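Below you'll find the structure, written out as structure tokens, and then a few comments.
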Protein chains: 2
Amino acid sequence: MPRTKETGRLGDETPALDGKSPAALAVTTRERIVAVAAELFHRQGYSATTMRQIATGVGIKAASLYNHFPSKQELLFRISYDTMVEMHAAVLDAMAGVVEPEERLRAFVGAHTKYCIVERYRARVADELRDLEPDNLREVVAMRDRYEGVLRRILDDMNEATDGAVRDVAVTANAVATMASQVSAWYRDGGRLGPEEIADLYAELAVGAALGSRAQRTRAERTPAALSGKGETGAGSADG
Amino acid sequence: MPRTKETGRLGDETPALDGKSPAALAVTTRERIVAVAAELFHRQGYSATTMRQIATGVGIKAASLYNHFPSKQELLFRISYDTMVEMHAAVLDAMAGVVEPEERLRAFVGAHTKYCIVERYRARVADELRDLEPDNLREVVAMRDRYEGVLRRILDDMNEATDGAVRDVAVTANAVATMASQVSAWYRDGGRLGPEEIADLYAELAVGAALGSRAQRTRAERTPAALSGKGETGAGSADG
DNA sequence: GACAGACTAACGAACGATAGTTAGTTTCGG
DNA sequence: CCGAAACTAACTATCGTTCGTTAGTCTGTC
């Protein structure tokens with residue numbers, strides 16, 4: 001490691017690193033790069049973020065970034081892909097051992113929401129697929145599709161268990177997934193509720209949305225509307 | 001109007017304009033610029049879109065864009081602001097004359113969702129506030145806050161009418177608003193359901209989320225959880 | 001009705017700034 | 001004392017924007 005400046009000591013010549021951001025807590029330079037890049041990509045978008053900004057945030061020069069990542073695009077891909085994997089794992093872990101469909105939905109949405117709050121920079125970057133180059137895009141989309149398949153299966157099970165209370169599985173799956181992912185669009189630290197509490201609320205919102213109120217259900221029986229939408233990606237297709 | 005090339009005739013030297021995009025239907029050059037820019041901003045993001053790309057899409061050169069807009073930023077602002085105004089008007093129109101809170105929620109979410117589908121390019125650009133410069137941002141955010149206040153008031157009314165069935169008004173408002181806005185993230189033309197049908201489904205999802213299922217409500221009475229969250233922006237604050 | 005002048009909207013060319021990236025060199029830690 | 005990882009310096013490409021110009025069109029006056 002060069003330069004007398006140690007990774008642990010901050011605030012001397014490092015212009016960024018406010019101390020509270022996750023970048024300050026990261027140990028290795030590589031981890032700090034990822035953390036800083038995620039925050040900047042989140043705040044400014046990929047294209048509007050420069051390698052020099054990332055470098056300044058980490059406390060090094062732009063050229064030094066290339067000792068850790070071969071390109072800006074690869075940096076974006078690693079953030080997106082690793083986040084997708086991590087989120088998937090967190091959700092599967094939360095659902096482990098839970099068998100009742102409605103409880104599985106709670107576990108899924110709760111864990112997903114919580115992850116999207118706690119890791120909100122990464123999560124938002126991973127949700128923005130537009131800047132990924134074709135090959136990288138394919139890989140991340142495949143990951144995401146597998147992930148959303150889990151949700152669709154839960155809703156299918158709920159539909160079966162409740163004799164068709166879910167009005168349209170495909171649309172509901174998309175709606176619930178986007179709702180939970182976008183929690184990071186409005187969440188801010190220091191608010192009235194913490195991540196856990198919001199995650200619990202979101203889980204209940206999802207259950208309510210999926211099953212509907214009793215009034216809705218009786219109304220639906222009277223006027224049969226859309227079918228259950230089983231076995232389709234959505235009303236449209238996925239994005240490419 | 002210069003150049004023998006008339007605005008109405010297309011496809012001679014204009015390299016873009018595939019005929020099906022809204023840009024092809026626009027009459028004036030200014031309208032076509034807005035339509036092309038909205039689609040490109042949506043697909044690639046603001047920073048990744050160049051003035052030369054927009055110009056090519058319209059069928060003119062980059063320099064000519066400045067006869068219609070003083071800057072790229074102003075172009076973004078006009079798209080964002082006008083869309084916000086239009087959407088607000090569409091939703092208020094749909095709610096006109098509807099008094100029952102639950103029906104007002106249906107009207108709000110239905111109209112909002114439908115607009116976000118039909119005008120999905122514009123709507124997604126207007127939802128991306130990160131590229132707006134401070135002054136422009138303030139104006140659009142003010143517009144949006146007024147808009148979301150309407151939703152919060154509806155949920156407050158529902159809460160009163162149902163003796164507290166809405167678990168947390170602030171969180172629910174944010175969740176419903178983001179859910180509906182993000183419908184454009186997955187909708188594609190030619191799918192199983194059209195805009196109207198999806199909008200209706202979303203309205204029901206919102207009602208279900210807001211009121212919850214009967215099972216949820218009895219469960220909530222046993223274990224009093226979060227308060228109703230009245231009079232606050234959310235669990236965090238809004239963005240700035 | 002004709003014609004001078006203002007206006008609109010297009011063009012090609014170019015400018016300054018800055019982007020991602022590379023090459024070559026220096027500097028410590030193990 | 002070797003190599004990982006930092007540095008300085010520079011290259012090339014492209015960006016938003018400006019400039020000077022030109023062709024067509026509207027407007028008002030005689």
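Residue numbering restarts at 1 for every chain, and letters A, B, ... go by the order of the sequence lines. Computed from a predicted structure; not experimentally measured.
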I need the [atom1]-[atom2] distance between [X] and [N], as an integer number of Å.
{"X": "B:Lys61", "N": "C:dA9", "atom1": "NZ", "atom2": "C1'", "result": "15 Å"}
{"X": "B:Glu74", "N": "D:dG16", "atom1": "CD", "atom2": "P", "result": "16 Å"}
{"X": "A:Leu76", "N": "C:dT21", "atom1": "CG", "atom2": "P", "result": "12 Å"}
{"X": "A:Leu65", "N": "D:dA4", "atom1": "CG", "atom2": "C1'", "result": "15 Å"}
{"X": "B:Ile60", "N": "C:dT8", "atom1": "CD1", "atom2": "P", "result": "16 Å"}
{"X": "B:Tyr46", "N": "D:dC15", "atom1": "OH", "atom2": "P", "result": "14 Å"}
{"X": "B:Asn67", "N": "D:dT25", "atom1": "CG", "atom2": "P", "result": "16 Å"}
{"X": "B:Tyr66", "N": "C:dA14", "atom1": "OH", "atom2": "C1'", "result": "14 Å"}

(request) Keeping the roles fixed (side chain from A:Gln73, backbone from A:Asp131), state whether a donor-acceptor pair exists under 3.5 Å. (result)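 Side chain of A:Gln73 to backbone of A:Asp131: a pair is present.
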(request) Please work out whether the ring planes of B:His88 and B:Tyr147 are parallel, tilted or perpendicular, with thresholds of 30° and 60°. (result)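 Perpendicular: the ring planes of B:His88 and B:Tyr147 meet at over 60°.
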(message) Testing the 3.5 Å rule here: is there a donor-acceptor pair between the side chains of A:Glu74 and A:Ser71?
(response)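 The criterion, which ignores hydrogens and geometry beyond distance, is not satisfied for A:Ser71 and A:Glu74.
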Tell me which nucleotide among [options] gets nearest to the side chain of [X].
{"X": "A:Ala63", "options": "D:dT8, D:dA10, D:dT17", "result": "D:dT8"}
{"X": "B:Arg52", "options": "C:dT21, C:dA10, D:dC15", "result": "D:dC15"}
{"X": "A:Lys72", "options": "C:dG20, C:dC11, D:dT17", "result": "C:dG20"}

(request) Verify the contact: side-chain N or O of B:His68 to OP1 or OP2 of C:dA10, cut-off strictly under 4.0 Å; return yes or no. (result) yes
(request) Please check the phosphate of C:dA10 (OP1 and OP2 only) for any side-chain N or O of B:Thr29 closer than 4.0 Å. (result)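 For C:dA10, OP1 or OP2 has a side-chain N or O of B:Thr29 closer than 4.0 Å.
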(request) For A:Ser64, report the nucleic acid contact type (base, sugar-phosphate, nothing); a contact means any heavy atom under 4.0 Å. (result) base
(message) Counting the atoms with a prime plus P, OP1 and OP2 as sugar-phosphate, which does A:Ser47 contact under 4.0 Å by heavy atoms, base, sugar-phosphate, or nothing?
(response) nothing
(request) Sort out for me which residue in A:Arg30, A:Arg32, A:Glu31 forms a side-chain hydrogen bond (donor to acceptor under 3.5 Å, both in side chains) with A:Thr28. (result)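 Exactly one pass, corresponding to A:Glu31.
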(message) Using 0.5 Å steps for rounding, measure from the SG atom of B:Cys116 to the CE atom of B:Met87.
(response)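 Spacing of SG (B:Cys116) from CE (B:Met87) equals 5.0 Å.
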